[in-house]
Amino acid sequence: MQGKVAIVTGASSGIGKATAALLAKNGATVVAVGRNEKDLLALREGLKTKKGSIRIHLADVTEFSQIDRMVSETVQSFGQIDILVNSAGIIKNGNIENTTLDDWDKMMNLNVRSVFNLIQKCLPHLEAVKGNIVNVSSVAGTRSFPGVLAYCVSKAAIDQLTRCTALELGPKGVRVNAVNPGVVVTNLHLRGGMDEESYKAFLAHAKDTHPIGRAGKPEEVAELIAFLASDKAGWITGATYEIDGGRGQTCAR
Ligand code: NDP
């Protein structure tokens, strides 16, 4: 990762935070994007490495003018963009009968539209250095779960965006992959409206729903993202990688 410039969204929390820290530890210059300055500062403070570095960039990824600014400032400061990791995302409960249009729009706007825009805006720079993209999808992109309808649809869209983009950009030397985690212990579900007690029960239930017998850690997903973003994965593109303790192999129970 030495000499590589990586943009990581959702870097203030969970999977994005672990990924930003790992890429920097491996030597990359990381532009850590999020809205929560305190958490981004904590990420930078926690980095005890002389190899890479973290540049904090406050931005709402759904605001296209803020993304334009983030991309141009990154290129101005560091001259290139080698890696784009799209981790910012939200979940909200709801089925086909009760999902509000507002919740649907919020999830599509952040989980899909902002990713599409980020890819388009970074593309000329990624093409220039034959860089790569890793999208954070979900087991909910490949499997269907009741009660999180719009989230599942948004992640299925990310899987297809990953594959279509990979096909189109392969000839230009740009790789595009996704990771599809099972339940990972982060702030996602609490921020999505689950209360502490239900979250505890949800994690306990994860012992049964994941054949490995536990929920995942953000650092475990970060390792896969870092591998896919590295030159070691030079022949991998269009892949949607399950990293889910076997969750995606199970049937409802
Ligand atoms: P967290 O809630 O811990 O982190 C979400 C991140 O998204 C935060 O850094 C937050 O930053 C950022 N974010 C949210 N809205 C915006 C916005 N409008 N603009 C900029 N940043 C935003 O969740 P996870 O780490 O779990 O989620 C990361 C990804 O992993 C998501 O795409 C999620 O769908 C996916 N995933 C998570 C799983 C899990 O069980 N945790 C399972 C499968 C997939 P800030 O608040 O600073 O803006």
Side-chain angles (χ1 to χ4, degrees), residues 7-22 30-44 54 56-67 69-70 84-93 103 105-118 133-143 145 148 150-159 161-162 178-194 198-199 202-203 205-206 209-210 214-222 224-225 240-245 247-248:
I7 292 174
V8 180
T9 72
S12 56
S13 180
I15 294 169
K17 183 178 179 180
T19 303
L22 182 59
V30 176
V31 177
V33 183
R35 295 165 303 175
N36 187 318
E37 188 171 18
K38 194 167 141 262
D39 288 349
L40 288 169
L41 284 169
L43 162 72
R44 200 173 58 187
I54 301 246
I56 291 169
H57 192 104
L58 291 177
D60 181 333
V61 295
T62 63
E63 294 292 337
F64 287 8
S65 59
Q66 296 184 24
I67 290 312
R69 189 162 56 81
M70 185 274 291
L84 169 65
V85 178
N86 288 304
S87 188
I90 46 167
I91 191 169
K92 293 212 178 276
N93 285 346
D103 278 353
D105 286 346
K106 278 187 179 134
M107 275 178 272
M108 294 304 157
N109 195 25
L110 177 60
N111 296 0
V112 186
R113 194 168 183 263
S114 80
V115 175
F116 167 73
N117 179 54
L118 267 147
I133 301 165
V134 183
N135 296 320
V136 182
S137 179
S138 168
V139 67
T142 48
R143 304 298 300 253
F145 297 92
V148 276
Y151 182 75
C152 288
V153 174
S154 74
K155 292 303 185 181
I158 283 298
D159 286 351
L161 179 65
T162 301
V179 296
N180 296 60
V183 172
V184 181
V185 184
T186 68
N187 292 313
L188 185 80
H189 295 93
L190 293 170
R191 287 172 64 146
M194 206 181 265
S198 310
Y199 188 57
F202 177 68
L203 290 183
H205 188 50
T209 53
H210 295 66
R214 63 172 173 85
K217 301 176 201 151
E219 292 75 17
E220 292 174 307
V221 183
L224 177 57
I225 294 172
T240 50
Y241 263 92
E242 289 173 3
I243 172 160
D244 62 1
R247 179 71 177 111

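Starting from 1, each residue takes its place in the sequence as its number. Numbering of ligands and ligand atoms starts at 1, following listing order. Heavy atoms only: backbone and side chains are in, while hydrogens, waters and symmetry mates are out.
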(Q) Against ligand 1, does Ile91 come closer than 4.0 Å with any heavy atom? (A) no
Q: Name the closest protein heavy atom to atom 21 (N) of ligand 1, giving the residue it belongs to and the distance to 0.1 Å.
A: Ala88 CB, 3.8 Å
Q) Which atoms from ligand 1 have a heavy atom of Val136 less than 4.0 Å away? A) 29 (C), 30 (O), 32 (O), 35 (C)
Q. Is there side-chain contact between Arg247 and Val183, with heavy atoms separated by less than 4.5 Å?
A. no
Q: Kindly compute the distance separating SG (Cys152) from CG (Asn111), expressed to the nearest 0.5 Å.
A: 11.0 Å
Q. Which ligand 1 atoms are under 4.0 Å away from a heavy-atom of His189?
A. 39 (C), 40 (O)
Q: Tell me which part of Lys17 gets within contact of ligand 1: side chain, backbone, both or neither, using heavy atoms under 4.0 Å.
A: neither
**Q.** Protein heavy atom at shortest distance from atom 43 (C) of ligand 1
**A.** Pro181 O, 3.4 Å
Q: Counting heavy atoms only, name the option from Val185, Asn180, Leu190, Thr186 that's nearest to atom 41 (N) of ligand 1.
A: Thr186
Q | Ser138, any N or O under 3.5 Å of ligand 1 N or O | A | no
Q: Report yes if Val61 has an N/O atom closer than 3.5 Å to an N/O atom of ligand 1; otherwise report no.
A: yes
Q) In terms of heavy-atom contacts, does CD of Glu220 have more than 12 from other residues, nucleotides or ligands at under 6.0 Å? A) yes
**Q.** atom 46 (O) of ligand 1: the protein heavy-atom neighbour that sits closest, reported with distance to 0.1 Å
**A.** Arg191 NH2, 2.9 Å
Q: Could you check atom 31 (C) of ligand 1 against the protein and tell me its nearest heavy-atom contact, residue, atom and distance included?
A: Ser87 O, 3.1 Å
(Q) Side chains of Thr162 and Asn135: any donor to acceptor distance under 3.5 Å? (A) yes
Q. Would a 4.5 Å heavy-atom cut-off, applied to side chains only, mark Glu242 and Val139 as touching?
A. no
Q: Between Ala215 and ligand 1, find which residue part has any heavy-atom pair under 4.0 Å and reply side chain, backbone, both or neither.
A: neither
Q. Got an N/O contact under 3.5 Å between Leu188 and ligand 1?
A. yes
(Q) Polar contacts were defined as any N/O atom of the residue lying under 3.5 Å from an N/O atom of the ligand; does this apply to Ile90 and ligand 1? (A) no
Q | Structural part of Leu110 in contact with ligand 1, heavy atom criterion under 4.0 angstrom | A | side chain
Q. Are any of the side-chain heavy atoms of Met194 and Phe202 separated by less than 4.5 Å?
A. yes
Q: Assess Ser137 for proximity to ligand 1: is some non-hydrogen atom of it under 4.0 Å away?
A: yes
Q. Asp60: heavy atom below 4.0 Å from ligand 1, yes or no?
A. yes
Q | Non-hydrogen side-chain atoms of Ile56 and Arg44 separated by less than 4.5 Å | A | yes
For residues 185-193, run the donor-acceptor check on the side chains, cut-off 3.5 Å, and write out each pair with its distance to 0.1 Å, sequence neighbours left out.
residue, atom, partner, partner atom, Å
Thr186, OG1, Leu188, N, 3.1
Asn187, ND2, Ser13, OG, 2.9

**Q.** Arg69/His57 under side chain to side chain contact (heavy atoms under 4.5 Å, CB included): CA gap, chis, key distance, verdict
**A.** CA-CA 10 Å; Arg69 189 162 56 81; His57 192 104; 4.0 Å; yes
(Q) Under 4.0 Å from a heavy atom of Gly34: which atoms of ligand 1 are those, numbered in the order shown and with their elements? (A) 47 (O)
Q: Return a yes/no value for Val184: is any of its N or O atoms, backbone included, closer than 3.5 angstrom to an N or O of ligand 1?
A: yes
Q) Any idea which part of Ser114 is under 4.0 Å from ligand 1, heavy-atom wise: side chain, backbone, both or neither? A) neither
Q) Quick one: does Thr62 get an N or O within less than 3.5 Å of an N or O on ligand 1? A) no
**Q.** Among Gly16, Ala59, Ser12, closest by any non-hydrogen atom to atom 20 (C) of ligand 1
**A.** Ala59
Q: Decide whether the shortest distance between a heavy atom of Lys155 and an atom of ligand 1 is less than 4.0 Å.
A: yes
Q: Report the nearest protein non-hydrogen atom to atom 36 (N) of ligand 1: residue, atom name, distance rounded to 0.1 Å.
A: Tyr151 OH, 3.6 Å
Q: Would you mind checking which non-hydrogen protein atom is closest to atom 15 (N) of ligand 1, with the distance to 0.1 Å?
A: Arg35 NH2, 3.1 Å
Q: Please check if the side chain of Arg35 supplies one atom and the backbone of Ala59 the other of a donor-acceptor pair under 3.5 Å.
A: no
